[in-house]
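Quick notes on the structure that follows.
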Amino acid sequence: MKKVYIRTFGCQMNEKDSEIVLSLLQPDFVPTEEPESADLILINTCSVREKPQHKLYSEIGRFKELKKKKPELLIGVMGCVAQQEGERIVERYPYVDIVLGTQAFYQIRQAIERRLKEGKPFVWTELKPDFKPPLVLGSKKLRRVKAFVNIMQGCDNFCTYCIVPYVRGREVSRPPEDILREVEYLVKEEGVKEVALLGQNVNSYGLKEKSYGDFADLLERVSQIDGLLRIRFTTSHPKDLTERLMRVIAENPKVCKHIHLPLQAGSNKILKLMNRKYTREEYLAKVERLRELCPEIAITSDIIVGFPGETEKDFLQTLEMLERVRFHEVFSFKYSDRPFAAATNFQGKVPEEVKEERLKRVHEAQAKITAEVYHSYVGKEVEVLVEGRSERDENQLTGRTTTNVIVNFTAPRLDLEGELVKVLIESAGKHSLKGKYLSPSF
Ligand code: SAH
Ligand code: SF4
Ligand code: F3S
């Protein structure tokens, strides 16, 4: 049997795509953790910012040496940089055998065949506006607590800084029947207890495909699957967060009390230039309503600093929003120009040192807030879905709260993987909580 090594960069969607590719390659290829022993090396790439794109180029260089030693080794590039660069990848790195775009990777088997038959690099980056991703179920051998499920493809929002709509194509929702079948399969055959539904903007699920129902309907339907304990979802665009969806999040016991609701910037001027289609006031009103309906909800966010035209005054409004909303956690990035994205041609680029300094200020402000939020859990009883042994301490268990905070805890038994348990929180660290097991959770 042949071996495949896959290296994945970027978001959860890429992680899911890598998983699908491994399923598609079975039984001919089994996964390996060592590139040295692989017959096929795949790099699943991200191009959302400049940094991850550069990672691809250093990674490819590493594998060139392996190919010198083992000429029959196949090297493939997939994901968003593959989609973006296409032929240019094989022009620059002639030892790359296969380049597959964000829809074409489903054809991995045919691509390998064609590469071998035609004796030259094979590049496939077609993007169809009405692409229908096939239903791919796994090999039934896996046992795991959590799994990702794609519910849609692509994005139609065209935020002006973002490359995703260009490399992932038009927004298409998957039929609810396919999604339900996939979740049922995961629960029954792989023992999955928690699914994370994935899309660039899950809140717009089914808006184009009227017969599918909307995202709130989908959450309700998925929650009826027996044996499934928890549902997460990401990402939510603030403009499409409806009252009805907020109610489902608040009221459905299987839907986790956490929402990733990227704010991006705190100034209305910048939000408009970003084409985000909401104001800071609208964002705050939605947060307020969410918390009214669901007081325990954790809100996390993405922030971009140094968008073209961002002044110190605009930036202070971002910091002010952090204080007002008090997110559980924030992922912050320095703005970077991306191919195709409209903002690449905007005036008023912010110098690197200023971006650097603003990023540091966001980190510091949010670290303080996260510490306070985490500290507020101390002394409370929380429900944790046990994921397994803690990485740091073999004698402890680890899992997450419904609000998506990591909890490491001591317990009289260590065979609780996949169970919901009650834990008393005793202390808070920077990125996790510590506690002790109290009882099973019913
Ligand atoms: N669909 C998701 C996120 C996609 S990309 C959403 O709408 O929120 C993940 C994050 O990367 C974005 O939320 C944004 O904060 C950041 N990002 C995207 N393009 C960027 C760029 N050109 N420069 C810096 N950060 C960027
Ligand atoms: Fe990019 Fe905006 Fe689409 Fe998110 S919603 S993927 S930030 S264009
Ligand atoms: Fe990166 Fe593509 Fe995801 S650009 S963030 S891997 S959609």
Side-chain angles (χ1 to χ4, degrees), residues 7-18 43-56 77-85 100-103 105 127 148 150-172 197-205 207 233-241 259-266 270-271 273-278 283 299-308 310 318 327 329-346 349-350 352 355-356 358-359 362:
R7 178 92 162 89
T8 308
F9 297 98
C11 63
Q12 294 166 328
M13 245 159 278
N14 258 17
E15 278 179 49
K16 178 69 195 188
D17 292 348
S18 290
I43 315 169
N44 193 0
T45 59
C46 171
S47 64
V48 79
R49 286 170 295 274
E50 225 168 342
K51 230 167 143 188
Q53 186 175 339
H54 283 152
K55 285 191 193 150
L56 162 67
V77 179
M78 50 184 275
C80 295
V81 180
Q83 187 63 50
Q84 175 195 324
E85 296 295 312
L100 286 174
T102 54
Q103 294 179 354
F105 75 86
L127 270 192
F148 295 130
N150 284 333
I151 64 165
M152 50 214 294
Q153 281 265 135
C155 182
D156 286 353
N157 287 307
F158 295 93
C159 303
T160 55
Y161 50 80
C162 190
I163 194 172
V164 171
Y166 303 93
V167 289
R168 289 265 167 178
R170 295 290 55 73
E171 188 178 288
V172 182
L197 307 180
L198 303 180
Q200 293 300 344
N201 174 14
V202 291
N203 297 0
S204 63
Y205 175 83
L207 292 187
F233 53 91
T234 197
T235 296
S236 289
H237 195 304
K239 78 177 165 61
D240 299 311
L241 177 58
I259 189 166
H260 186 60
L261 195 65
L263 168 68
Q264 310 297 3
I270 298 298
L271 286 171
L273 286 169
M274 287 177 162
N275 191 31
R276 288 291 286 178
K277 303 192 181 83
Y278 54 84
Y283 188 93
I299 306 174
T300 56
S301 198
D302 292 346
I303 293 288
I304 296 176
V305 299
F307 186 83
E310 185 186 75
T318 297
F327 296 108
E329 212 178 335
V330 164
F331 304 94
S332 44
F333 313 102
K334 286 186 284 183
Y335 166 81
S336 72
D337 283 341
R338 303 310 297 133
F340 319 113
T344 300
N345 302 315
F346 286 5
K349 292 285 160 64
V350 174
E352 194 53 33
K355 287 196 255 184
E356 197 69 62
R358 288 182 187 164
L359 188 70
V362 167

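Numbers here are sequence positions counted from 1. From a predicted model like this one, the values you see are computed outputs, not experimental measurements. Both ligands and their constituent atoms are indexed starting at 1 by order of listing.
Of the protein's non-hydrogen atoms, D302 OD2, 3.9 Å is the one closest to atom 9 (C) of ligand 1. If you check which protein heavy atom lies closest to atom 21 (C) of ligand 1, you get S336 O, 3.6 Å. Distance from atom 6 (S) of ligand 2 to its nearest protein heavy atom, with residue and atom name: Q200 OE1, 3.5 Å. If you check which protein heavy atom lies closest to atom 3 (Fe) of ligand 2, you get C155 SG, 2.3 Å. Protein heavy atom in closest approach to atom 1 (N) of ligand 1: Q200 OE1, 2.7 Å. The protein heavy atom nearest to atom 5 (S) of ligand 2 is N157 ND2, 3.5 Å. For atom 8 (O) of ligand 1, the closest non-hydrogen atom on the protein side is P262 CG, 3.1 Å. Looking at atom 7 (S) of ligand 2, its nearest protein heavy atom turns out to be Y161 OH, 3.3 Å. For atom 11 (O) of ligand 1, the closest non-hydrogen atom of the protein is R49 NH1, 2.8 Å. The protein heavy-atom contact nearest to atom 24 (C) of ligand 1 is K334 O, 3.3 Å. The nearest heavy-atom contact from the protein to atom 14 (C) of ligand 1 is Q264 OE1, 3.5 Å. Annotation: atom 1 (Fe) of ligand 2 to nearest protein heavy atom, C162 SG, 2.3 Å. Closest protein heavy atom to atom 7 (O) of ligand 1: R276 NH1, 3.7 Å.
The closest side-chain donor-acceptor pair between Q264 and Y161 falls under 3.5 angstrom. Under the 3.5 Å distance criterion, with hydrogens and angles disregarded, no donor-acceptor pair is assigned to the side chains of E50 and S336. D240 and N201 are linked by a side-chain donor-acceptor pair at a separation below 3.5 angstrom, with hydrogens and angles left out of the test. A donor atom on one side chain and an acceptor atom on the other are not found under 3.5 Å apart for Q12 and T234.
Nearest heavy atoms, L273 versus F346: O-CE2, 3.5 Å. L261 approaches S236 most closely through the heavy-atom pair CD1-O, 3.6 Å. Heavy atoms only, all atoms of each residue included: V81 and C46 are closest at CG2-O, 3.3 Å. V350 and F307 make their closest contact through CG2-O, 3.6 Å (heavy atoms, listed as atom of the first residue, atom of the second, distance). The heavy-atom pair separating E171 from S204 by the smallest distance is OE2-OG, 2.9 Å. Of all the heavy atoms in K349 and A343, the pair that sits closest is CE-O, 3.5 Å.
Below the 2.8 Å limit, atom 2 (Fe) of ligand 3 has as protein N, O or S neighbours C80 SG.
Residue contact annotation: K355 has no non-hydrogen atom under 4.0 Å from ligand 1. The closest approach between a heavy atom of R276 and any atom of ligand 2 is below 4.0 Å. Ligand 1 is never approached by V164 to a heavy-atom distance shorter than 4.0 Å. Heavy-atom distances between Q12 and ligand 3 stay at or above 4.0 Å for every pair.
Each of the following atoms of ligand 3 lies closer than 4.0 Å to a heavy atom of Q200: 7 (S). Close contacts between ligand 1 and Y335 involve ligand atoms 23 (N), 24 (C) [criterion: under 4.0 Å to a heavy atom]. If you number the atoms of ligand 2 from 1 as listed, the ones under 4.0 Å from a heavy atom of P165 come out as 8 (S).
Residue P262 does not touch ligand 2, judged by heavy-atom distances below 4.0 Å. By the criterion of a heavy-atom distance under 4.0 Å, the backbone of F158, and not its side chain, is placed next to ligand 2. With a 4.0 Å cut-off on non-hydrogen atoms, C159 touches ligand 2 through its backbone as well as its side chain.
Atoms CD1 and CD, from I299 and E329 in turn, are 13.5 Å apart once rounded to the nearest 0.5 Å.
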Go through the steps for F327 and T300 under the test side-chain contact (heavy atoms from CB on, under 4.5 Å), then give the verdict. CA-CA 5 Å; F327 296 108; T300 56; 5.6 Å; no
Residue pair Y166, L127: steps toward the side-chain contact (heavy atoms from CB on, under 4.5 Å) verdict: CA-CA 9 Å; Y166 303 93; L127 270 192; over 6 Å; no
Start with the C-alpha gap between E85 and T45, add the side-chain angles, then the distance that decides, and say whether side-chain contact (heavy atoms from CB on, under 4.5 Å) holds. CA-CA 11 Å; E85 296 295 312; T45 59; over 6 Å; no
Carefully, step by step, assess T318 and I270 under the rule side-chain contact (heavy atoms from CB on, under 4.5 Å). CA-CA 10 Å; T318 297; I270 298 298; over 6 Å; no
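A salt bridge links K334 to E352: at least one charged side-chain nitrogen sits closer than 4.0 Å to a carboxylate oxygen.
Ring geometry for H237 against Y278 counts as perpendicular: the plane angle is over 60°, on a 0 to 90° scale with 30° as the lower cut.
Between N157 and the choices K239, K277, Q200, the side-chain hydrogen bond (donor to acceptor under 3.5 Å, both in side chains) rule is met once, by K239.
On a distance-only criterion, Y161 and ligand 1 share at least one N/O pair closer than 3.5 Å.
The option with the heavy atom closest to atom 5 (S) of ligand 1, from among V330, L263, N201, V48, is V48.
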